[in-house]
Amino acid sequence: MEIQRPRGTRDFLFKEMKERKYVENVLRRIFEIYGYSEIKTPIFEELSLFTTKSGEGIKEQIYHFQDKGGRNLALRPELTAPVARLYLNELQKSPKPIKMYYFGSCFRYERPQAGRFRQFWQFGCELVGAKSPGSEAEIIAMAAHCVEELGLDDCEIHIGNLGILRSILADEGVFGEKQDQVMGLIDKRDVEGLKSLLKDLQIGSKSRNILLKLIDMVGHREILSDVEELIKDNENAYKALKELEELLKSLEAFGFSDYIINLGIARGLDYYTGTVFEIYVHGLGAQKQISGGGTYNLIQVFGGEKVESTGFAFGFDRVMEALKKQKAKIPVAKTVDVFVAPIKEDTKLKAFEIAQKLRKVGISTDVDLTGRKLKKVLSHADNLGTSYVILVGARDLKDGKVTVKNMKTGAQEMVDVDDVAAELKNKLLQTGMI
RNA sequence: GCCGGGGUAGGGUAGGUGGUUAUCCUACGGGACUGUGGAUCCCGCGACUCGGGUUCGAAUCUCGGCCCCGGCCCCA
């Protein structure tokens, strides 16, 4: 009976792991360039952290359990709640703004599907205590920077503002759950459902028309004047729109103008307050969204003071999938640059010695550990893609030499044992291999 | 939870209207080959997802489970 990997989980082998590592490092580098510092929170938390944020119903989709002490715990299904908790526990009185980023796996009990797994990774950040159009713009610019640096094509960054829709609904006396219902339908692009719900809620025909027009507003800067015309009578919506304009100005100052304004983004949750944005990659099927974020008031949900924060996260697995689908070149380093092969058993120890010398000068080196025949060893070195093999034989050693073989050309040369590390280092540097 | 398509050596595959020993590539072990023959050739190793049913006989037909792929629902 073979033991299987749990449903919806994956094993990552060498090559894939190198690719993931590369992408991870690119993201880390960029987040740090923008001044973010890494944090790490536990893989499991109190179950109530998540039910407080998202409601009891969420338990359906969470791996939760009782530990031996009777504590109700859950594998984290997302990272924004743990980060908010961390802020409350440790950072409330730290100088603002706080810029933090995280990378870690999350767990959801869901039906696995394209781009959807039961264990998946999120790479994201949180900017606490600096709510302003400028800080939102900086985050979006950083997200765009990541996308560019990774070489992701066919990406769209959609930016919206929930304040506009919410203000119009509020004016009609639609709040709370009702408002969320409307936002949910808008997010789903369910126009028919929306129309009938607006009718049930007895929304005035003027507001109704505004809403229906607004959610179709998708485009660049030029649509803003139409929006303004549409909502100018609603003070709060107008304010939100001005906020959005301010954000876009900042975003352009940060050097990014390839955005799409999309007032139909709703992100159903009520703790989102203003700016929201999502990144889509076409050609990813049902799970085309690789990233989402915005400004929210999550700290308050957990009983902290009112501090707004802005954050977003990349669905790391979806980023990988998009790169793979687009056949992006992900640099994958060779396992080792040099292989040390004793020609016969009698030079095995000398081979170990030489291998170690190379390693000490920073050359990634493998040495034969199997005692196989030379032919097999060379074949193995070839499979590994090594650039050079050092052949260590008794005959050469008598003159204090070893043979360095270039695996690409087959060319060989004799080198003094004492010089071999330095010589190879030079060769590798010259050819740009290290 | 629902709908559709799948599951054959470690990896990639052929076979599928039931009938000798299940195909090929690769990887791995050995040999031709005692110090450079990473080539070639030969030999070996190794698989029908699991369980029930139909049948003289099932990888093949059928039912169910598990898992994978795609879609619906959901998506914090």
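Here is how names work: the chains are called A, B, and so on, in the same order as the sequence lines, proteins then strands, and each is numbered from 1.
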Mind checking side-chain hydrogen bond (donor to acceptor under 3.5 Å, both in side chains) for [X] and listing every partner two or more places apart, or none if nothing turns up?
X: A/Tyr259; answer: A/Glu252
X: A/Glu138; answer: A/Lys99
X: A/Thr409; answer: none
X: A/Glu177; answer: none

According to ring pair (Phe, Tyr, Trp, His ring centres under 6.0 Å), who are the partners of A/Tyr109, at least two apart in sequence or on a separate chain?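 Listed in chain order: A/Tyr63.
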May I ask which nucleotide in the shown strands pairs with B/G4, Watson-Crick or G-U wobble, both distances under 3.5 Å?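 Matched B/G4 with B/C69 under the 3.5 Å cut-off.
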Describe the nucleic acid contact of A/Ala81 in one word from base, sugar-phosphate, nothing, applying a heavy-atom distance below 4.0 Å.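 The residue A/Ala81 makes no contact with any strand.
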Integer angstrom distance from the [atom1] of [N] to that of [M]:
N: B/G31; M: B/C67; atom1: C1'; value: 41 Å
N: B/G51; M: B/C74; atom1: C1'; value: 33 Å
N: B/A27; M: B/A47; atom1: C1'; value: 15 Å
N: B/G10; M: B/G52; atom1: C1'; value: 30 Å

Of the listed nucleotides B/U34, B/C74, B/C28, the one nearest the side chain of A/Asn383: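 Taking heavy atoms from C-beta onward, the closest nucleotide is B/C28.
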Pairs flagged by side chain to side chain donor-acceptor pair (under 3.5 Å) wherever residues 299-318 of chain A is involved - sequence neighbours left out: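 Counting only pairs at least two positions apart or across chains, the side chain to side chain donor-acceptor pair (under 3.5 Å) contacts touching residues 299-318 of chain A are A/Arg10-A/Asp317, A/Arg20-A/Asp317, A/Lys93-A/Glu305, A/Glu126-A/Ser309, A/Thr273-A/Glu308, A/Gln287-A/Arg318, A/Thr295-A/Thr310.
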Name the one of A/Phe12, A/Tyr102, A/Phe314 that satisfies ring-ring contact (aromatic ring centres under 6.0 Å, His included) with A/Trp121?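 Of all the options given, the one that passes is A/Phe12.
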For a ring-ring contact (aromatic ring centres under 6.0 Å, His included) with A/Tyr101, tell me which candidate from A/Phe123, A/Phe312, A/Tyr36 qualifies.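 Single ring-ring contact (aromatic ring centres under 6.0 Å, His included) partner of A/Tyr101 among A/Phe123, A/Phe312, A/Tyr36: A/Phe123.
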Taking RNA chain B as the partner, which of residues 307-316 of chain A come within under 4.0 angstrom of it by heavy atom?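 When residues 307-316 of chain A is checked for heavy atoms under 4.0 Å from RNA chain B, there are no hits whatsoever.
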Nucleotides 36-39 of chain B: which of its N/O atoms have a protein N/O under 3.5 Å away?
from: B/U36; atom 1: O2; to: A/Gln412; atom 2: OE1; distance (Å): 2.8
from: B/U36; atom 1: O2; to: A/Gln412; atom 2: NE2; distance (Å): 3.2
from: B/G38; atom 1: O2'; to: A/Asp382; atom 2: OD2; distance (Å): 3.1
from: B/G38; atom 1: N1; to: A/Met407; atom 2: O; distance (Å): 2.7
from: B/G38; atom 1: N2; to: A/Asp382; atom 2: OD1; distance (Å): 2.3
from: B/G38; atom 1: N2; to: A/Met407; atom 2: O; distance (Å): 3.3

What pairs with A/Glu24 under salt bridge (Lys or Arg N to Asp or Glu O under 4.0 Å), at least two apart in sequence or on another chain?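 Checked A/Glu24 against salt bridge (Lys or Arg N to Asp or Glu O under 4.0 Å); matches are A/Arg28.
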Tell me every residue that passes salt bridge (Lys or Arg N to Asp or Glu O under 4.0 Å) with A/Asp399, counting only those two or more places apart in sequence or in another chain.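 Partners of A/Asp399 by the salt bridge (Lys or Arg N to Asp or Glu O under 4.0 Å) criterion come out as none, since no residue qualifies.
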Sugar-phosphate atoms are those with a prime plus P, OP1 and OP2; base atoms are the rest. Using that split, label each nucleotide of nucleotides 64-69 of chain B B, S or - for protein heavy atoms under 4.0 Å, 5' to 3'. --SSSB
Residue pairs passing the salt bridge (charged side-chain N to carboxylate O under 4.0 Å, His left out) test where at least one lies in residues 141-157 of chain A, sequence neighbours excluded: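 Found A/Arg29-A/Glu149.
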